[in-house]
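In what follows, a structure is listed as structure tokens, so that the remarks can point back to it.
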Amino acid sequence: MKPETIAIHAGNLSETATNDVTSPIHLSTTFLRDADGGYSGGHMYSRVSNPNRSSLEKVLAELENGFEACAFSSGNTAGMALFQALKPGSHIIAPDDMYWGFKKQLQNIFSETLEIDFIDLTIPENILAFIRPNTVLIWIETPSNPLLKITDIAAVAKVAKSHGLTLACDSTFASPCLQSPIALGADIVMHSSTKYIGGHSDVLGGVLISAEKTELWEKIRNIQQVGGAVPSPFDCFLLLRSIKTLNYRMQGHCLNGMALALHLEKHPAITQVFYPGLSSHPQHEIASKQMSGFGGMLSILVKGGADEARKVVNKVKLFAQATSLGGVESLIEHRASVEGPDTKTPQNLIRISVGLEHIDDLIADIDQALSQ
Ligand SMILES: *Cc1c(COP(=O)(O)O)cnc(C)c1O
């Protein structure tokens, strides 16, 4: 079946006495045992599994061409489950332009148990020089946050395979609709479902999807069930509801993202636009090869420095000045001030999450904010 159909049907697992067309929310934390001690309903205790979570995991696994999914209470806990599953003393290779929260996690929480190199992954051959005897994982993020760098997933997968390394891809900016990391050779896909999957800025969540059943995957499942950083049944319900329209929302984000990028690229107050759909983007060719659309995330450099950038984000009216991304409403932020004093993000960089408002209204708003 095609993704649009999977998104609407694959999560409808539960049959009810009242013949509901959509699944109800199962709030019960515990489930009845049979006379022989078994659980014929398929669930025992809600931290271990819950009907709404099983539905969510099924539809996400199918959308990503995976074997199974593990849903977590946030994107950060999804990533953390994978880092926790690695043997202490392992070495991992991560991108230099990495989601800030993960970089902090690796530097603050895992600095004593894991060895980490942050490198430029836009050139896959770069990786070879960094592989050590104890290297176990290559973590990529494409498109990356906030510079929209593109990593060639198939090329890095080849390097990972030939050295027996696990390849994990943070595919949050692409959503499950715009690229298929597993089909390109990745072992594990990660999403912050807080972003496009949720799509309405009202639910926190994260997910890992595995290409196949492996020892590492069993460990991750154990961390999910015994560690317990799981999403609530209501969160799962909201995500399942959002997924039904994900493909159509992504089409809108791609159309608006491209139109705004093309408009801003010609704007005299802007020196650079980072958007993988532009032919000026250094990895545009790879993006065109591995993505079916370029999404709704873009970053711009305004003429001047931090003050000029802050002026713009304070002057827009329709774009909400807030962090996060992937919702129906457009968001804008001065990224360096979110990331703090040790950030390498340019001071004149503004990150934009293009929503689903009419593009004419978005362009009119940003134009008035950019005018002196
Ligand atoms: C937001 C985000 C995360 C973290 O997800 P949370 O749901 O905020 O914990 C990870 N990676 C990327 C690319 C993100 O944008």
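First listed ligand is number 1; within each ligand, the first listed atom is number 1.
The cationic group of Lys195 lies under 6.0 Å from the six-membered ring centre of Tyr99 and within 45° of the ring axis, placing it in a cation-pi geometry.
Among Val312, Leu298, Ile366, the one residue that satisfies the side-chain contact (heavy atoms from CB on, under 4.5 Å) test with Ile350 is Val312.
Side-chain contact between Gln224 and Arg53 is present, with at least one heavy-atom pair separated by less than 4.5 Å. For the pair His267/Ile300, no side-chain contact is recorded, criterion being any heavy-atom separation below 4.5 Å from C-beta on.
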Check ligand 1 for N or O atoms under 3.5 Å from a protein N or O and list each pair with its distance.
from, atom 1, to, atom 2, distance (Å)
ligand 1, 5 (O), Ser192, OG, 3.0
ligand 1, 7 (O), Gly75, N, 2.9
ligand 1, 7 (O), Ser192, OG, 2.8
ligand 1, 7 (O), Thr194, OG1, 2.6
ligand 1, 9 (O), Gly75, N, 3.1
ligand 1, 9 (O), Asn76, N, 2.8
ligand 1, 11 (N), Asp170, OD2, 2.7
ligand 1, 15 (O), Lys195, NZ, 2.8

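Remark: Glu285 does not engage Lys289 in a salt bridge, criterion side-chain N to carboxylate O under 4.0 Å. At a threshold of 4.0 Å, the pair Arg221-Glu57 counts as salt-bridged, since one of the basic side-chain nitrogens sits closer than that to a carboxylate oxygen.
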